[in-house]
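The structure under discussion appears below in the form of C-alpha cells.
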There are 4 protein chains.
Amino acid sequence: MTDPAPRPGRGRRPAAEVRTAALAAAAEVLLSEGIRAVTFERVATTGGLSRTTLHKWWPTPGALAVEAYFARAEPLLDFPDTADVEADLTTQLTAFVVLLTGPTGPVVAGLLGAAQSDPALAAAWSEHYSRPRRDLAVRALRRARSRGQVAEDVDLAVVVDQLWGACYHRLLIPDEPLTPDLARHLVRNVLHGIAPRSGPGAGVRDGLTGLVTAARGRFGRR
Amino acid sequence: MTDPAPRPGRGRRPAAEVRTAALAAAAEVLLSEGIRAVTFERVATTGGLSRTTLHKWWPTPGALAVEAYFARAEPLLDFPDTADVEADLTTQLTAFVVLLTGPTGPVVAGLLGAAQSDPALAAAWSEHYSRPRRDLAVRALRRARSRGQVAEDVDLAVVVDQLWGACYHRLLIPDEPLTPDLARHLVRNVLHGIAPRSGPGAGVRDGLTGLVTAARGRFGRR
Amino acid sequence: MTDPAPRPGRGRRPAAEVRTAALAAAAEVLLSEGIRAVTFERVATTGGLSRTTLHKWWPTPGALAVEAYFARAEPLLDFPDTADVEADLTTQLTAFVVLLTGPTGPVVAGLLGAAQSDPALAAAWSEHYSRPRRDLAVRALRRARSRGQVAEDVDLAVVVDQLWGACYHRLLIPDEPLTPDLARHLVRNVLHGIAPRSGPGAGVRDGLTGLVTAARGRFGRR
Amino acid sequence: MTDPAPRPGRGRRPAAEVRTAALAAAAEVLLSEGIRAVTFERVATTGGLSRTTLHKWWPTPGALAVEAYFARAEPLLDFPDTADVEADLTTQLTAFVVLLTGPTGPVVAGLLGAAQSDPALAAAWSEHYSRPRRDLAVRALRRARSRGQVAEDVDLAVVVDQLWGACYHRLLIPDEPLTPDLARHLVRNVLHGIAPRSGPGAGVRDGLTGLVTAARGRFGRR
DNA sequence: TTTTAAGCGAGACGGTACGTCGTGTCTTCAT
DNA sequence: ATGAAGACACGACGTACCGTCTCGCTTAAAA
C-alpha cells in the first residue's frame, strides 16, 4: 500500500513521532480495509514501527483503531442554536445520517461492532465520542426545554436514544436503509408524536374503543 | 462444562445428528463464554465433531453461533393486540428490555457486534430475527393506524427504530443504563411527542403555555 | 542462504516429507551458524515450513537441532576388536579427537552447551549418542578384561570418563588444545598409570599378551 | 526474593557501589534460578540498576554472571602438599566432586553450557577459574614428579584432563552419576593404570611410599 | 569553592524469538 | 459418498530480551 518507511536508526525516537506515525498507519488501514485489518502486525509493518511499541501504547488493536479514527475525524460539530428546536435537531441529525451514509458509515459500524468484544475500544469510543456527543445533544435539548419547546418531565437522554440511537439501529442492523429524510421523520415523530393531532376533529374519536385510552393518554388527563 | 463427548467411530454419522450436536455445542459455548469463544475449533472439540464438517455446514463461526442461538431461544412472542396501542407497545417493549437486561443481553450484543464484520452472521440474524421482528412491529402499528391511533403520514418503520432501535442503542453503546421504565418513556415520547401541546388549538388547555397540559397530563396518570 | 522453498499448496503434506525438510533445514543452519541460530523461526523460513508444525514435532529448537545433527551424522563406528586393547582404544579415541578437531567440534560443543539448559536436548543427546557410545566403549573394555588385559576390580565407566571425558574437557574448556596425540597419551596413562614403572623389572612383563605391545609402545620407543 | 532496592536518586552513583550492587543482584538470580535467568533486564530490575549501566560494564549477561559467581565463591583451595601424591590428589578431587554434587553443580554446569556460545563468558571463566586451577594442579603434579612419584615422560596437562575433566564429563553429560568415590577411582586409575599388575615384578614396588597403600588398597581387597 | 562534565536512572524504540490459538485447505481412513 | 481425524501453512497475539539511543539529574572530579 504505502511505503514500508524503513527506519534506519535503532535507538529511541521521540514518543510523539512514533505515536503519530502509528495513528497515521492505523487510520490508513482502518479506512481502506476496515477494522478487522487493523492488527498490530499490520500497522507495525505499514507504519515502519515495531509491534512491541504498539503493544506498549495501546492495549488492543481496537483501541488503536478508535484513536486513529478520531485523530483523523473532524471535531464534533457544535449544535446550531436557533430558536427552532425542530430545525436544529433536524440539521444536526441529518449531518449525522449523511456521515453514516458516506464512507465513514462502515467504519463506524465496524468500530461499534468490535467494541462489543473489546472493552478498551468501547471505553475509548465512549470517552472520545459517544458521551460528549450525548452531552451535546442533551444540552441542546435542555436549552430547548428552557425555551419552553420541550415538556418538563421528559427524560432527555431517552430522546437522544430515539434520535441518534435510531440511526445507529439502521446502521448496525440494516434491514431498512439509512436515508437522509430519516432525520426529518425522527425529529418530527419524537417532537410531535405519531398519534394523530386532534384539532377540532379530535372529538370524532370519542367513543371508539381502544382509542379512548390512547386519546386519554393524550388529552384525557384533565 | 460438559464432557468432551468422545466419538469413537470415525465413519459417517447421519447429518441431522451431527447438526444438532454442533448446534448444542455451539450454544453451550456461546451462552457461557460469549461469541468470541465460538470458534470452529472450540465447537468441534467440545461437541466431539470434526472441524471439516462444521466448515461444510456453516460459512463462518458466527453463522453457526446465530443458528445455535435461535435453536435454543424461545420463539418470537406474538404481539398482544388489545385496542390500546400504547399499552401493547409498552408491554412488548418492556419484555424486550427485560430480555436485554438479563443474561441474553451480552449474548445479543456480542452477536450484533460480530455481525458487523461477518456478513453471514448478519444475514442469518436478519433472516431469523430482526426482519420478522420488525414486520411484527410494523404490522401492529399498522393495525393501530387502521384504528386511527396513528397518524396516516407516519413512516412506521421509523417508529420501530425509535422504539427498538433506541433499546439497541443502550445495549450497544452503554453510556446510559437499560432500565425497565425505558420502554414506557420511549412509547410515550413517540406516541405523544415531547413538545408541549400548545398553540391556538390549545385553547382546550386553558391557555397555559402548553407545558402545563403536558405536565398535568403526565402526572395525572399516576 | 538456500532457497526459501515456497510451498504453494496450503493443505496437508505427508508428515515424513515435512520432517525431513525440517531436519535438512535445521542441519544446514546448525552446521553453518551454530546452534544459537537454530530457532524455530529460522528453520521455518529457510525450510519453507510453518513454525506451528515445528512446535508440534519438537519441544524445543535444541531438540530439533540434535535430531538434525544425527540425521546427518555418520553412524556410530564400531570398535575395532583386535587383541590389542591399547591399539584399539587409541584408534577409536584418535578418531574421536579428529572428529572434535574438525568442523564438527564447535557444533558438538554448542549442542552440549545448549543441553545444559535444555533437558529435551540433553535427553536426545543421551539417547541418540552418549549412552550408546558409552556402552560401546564399556563393552570393548569388558572384552579386554575378559582377555585379562584390564584389572578385575576396575570400574569401567570411570575409564570411559578418563578417555572420552578428557577429550570433552578440552573441547568445552579449551585451556589446552585438542591435538591428535592426546588420544595416545590418554590411553597410555590410564592403561599403565603415570607412576613410574620400577625400572629393570619391566622385563617381567614379557610374555604377557597384548600388554607387550602396550609396554613397548611406551618404553620401547626410546 | 529480596527487595527491588528502590533507588530514589537519579544522578550518578560511585562506580564501585553500582558494580557491587550489580554483582549481588546477578549472583542472587544466578544461584536461585540459573544462568538463563541472568539477563540484563532481570538484574537491572532486581538490583535497582539501569540496564544501560550493565551494558557498559559487561559485554554479555553471561560475563556478568561469571563475575557474580566468583565474587561470591570461595577462593581456590590450595593443594595439600604432603609427600603422598595419591592422597593429595584424591583429597583435592574429592572436594571438587563434592562441590559439583552440591548446589553449585547445576550453576557450574549452566555457566559452562552458556560459555559454549558466549566467548566473553568463556574467557572470564578461563581467566578467573579454569586456567589457575589447571596450573595449580599441574604444579602439584610437577612437585610429585620431582619427588619421583610420576614418570618423567608424562604430559601433566593430560593428567589433569583425566582427573578433573572426567568429573566435568559426568557433570555435563550425566549418563553416569557423580559420586564421591569417583575421585578415588580416578586417581588410582591414572596413577597405577588399569592394566593388571602381575607377576613377580609386583614386588618391586615394595618400599615405595604412598604407592604401597594404593597397591594394597587394590590387591588386598580380594 | 565553584564549576563542569562524567555517568547513572529512566525509559522509549526497533528487532527477534517464543509459545499459543484460530483459520482454511488438504489427505487419508473408516463406515 | 461422507464424516472423522489430523496435518500443514498462515497470520495474529502477547511476552520477553536484546541492543541502541535520548533525556534529566546528581555527584565526583576539575578549575
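Residue numbers start from 1 in every chain, and the chains themselves are labelled A, B, ... in the order their sequence lines are given, proteins ahead of strands.
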Open item on the list: Quick one: does any side-chain atom of A:Thr53 pair with a main-chain N or O of A:Leu49 as donor and acceptor, under 3.5 Å?
Closed with: no
Open item on the list: Check this one for me: any side-chain N or O of D:Thr52 less than 4.0 Å away from OP1 or OP2 of E:dA10?
Closed with: no
TODO: Please check if the side chain of C:Ser126 supplies one atom and the backbone of C:Ala122 the other of a donor-acceptor pair under 3.5 Å.
DONE: no
Open item on the list: If I take atom CG in residue B:Leu54 and atom C1' in nucleotide E:dG24, what distance separates them, rounded to the nearest angstrom?
Closed with: 13 Å
Task: Euclidean distance, atom NE2 of residue C:His55 to atom P of F:dA9 [Å, nearest integer] - done: 13 Å
Task: Gap between atoms CG and P, on B:Leu49 and F:dG3 respectively (whole Å) - done: 11 Å
Task: Contact under 4.0 Å: C:Trp57 side-chain N or O vs F:dC8 OP1/OP2 - done: yes
Task: Among E:dG19, E:dG9, E:dG22, the one nearest D:Val18 by side-chain distance - done: E:dG9
- [ ] Look at all strands and tell whether B:Arg51 reaches a base, only sugar-phosphate, or nothing, counting heavy atoms closer than 4.0 Å.
- [x] base
- [ ] Look at the side chain of B:Gln116 and the backbone N and O of A:Ala114, then say whether any donor-acceptor pair between them is shorter than 3.5 Å.
- [x] no
Open item on the list: I want to confirm an ordering. Mapping A:Ala37 and D:Thr60 to their closest nucleotides on DNA chain F, which one lands closer to the 5' end?
Closed with: A:Ala37
Task: Interatomic distance, B:Arg36 CZ vs E:dT23 C1' [rounded to whole Å] - done: 14 Å
Open item on the list: Rounded to whole Å, how long is the line connecting atom CZ of B:Phe40 with atom C1' of F:dG3?
Closed with: 15 Å
Open item on the list: Donor-acceptor check, side chain of C:Thr60 to backbone of C:Gly62, threshold 3.5 angstrom: yes or no?
Closed with: no
- [ ] For F:dC18, take OP1 and OP2 only and decide whether either is under 4.0 Å from a side-chain N or O of D:Thr39.
- [x] yes
Open item on the list: If you compare every side-chain N and O of B:Thr53 against the phosphate oxygens of F:dA4 (OP1, OP2), does one of them come in below 4.0 Å?
Closed with: yes
- [ ] Please check the phosphate of F:dG3 (OP1 and OP2 only) for any side-chain N or O of B:Lys56 closer than 4.0 Å.
- [x] yes
TODO: In whole angstrom, give the distance that lies between atom CD1 of B:Ile35 and atom P of E:dG22.
DONE: 14 Å
- [ ] Check the distance between E:dG15's C1' and C:Arg42's CZ and give it to me in whole angstrom.
- [x] 15 Å
Open item on the list: Can you measure C:Glu41 atom CD to F:dC10 atom C1' for me and round it to whole angstrom units?
Closed with: 13 Å
Task: Closest listed nucleotide, where the reference is the side chain of C:Pro61 and the choices are E:dG15, E:dG19, E:dT23 - done: E:dG19
Open item on the list: Tell me if a side-chain donor or acceptor on B:Thr39 pairs with a main-chain N or O of B:Arg42 at a distance below 3.5 Å.
Closed with: yes
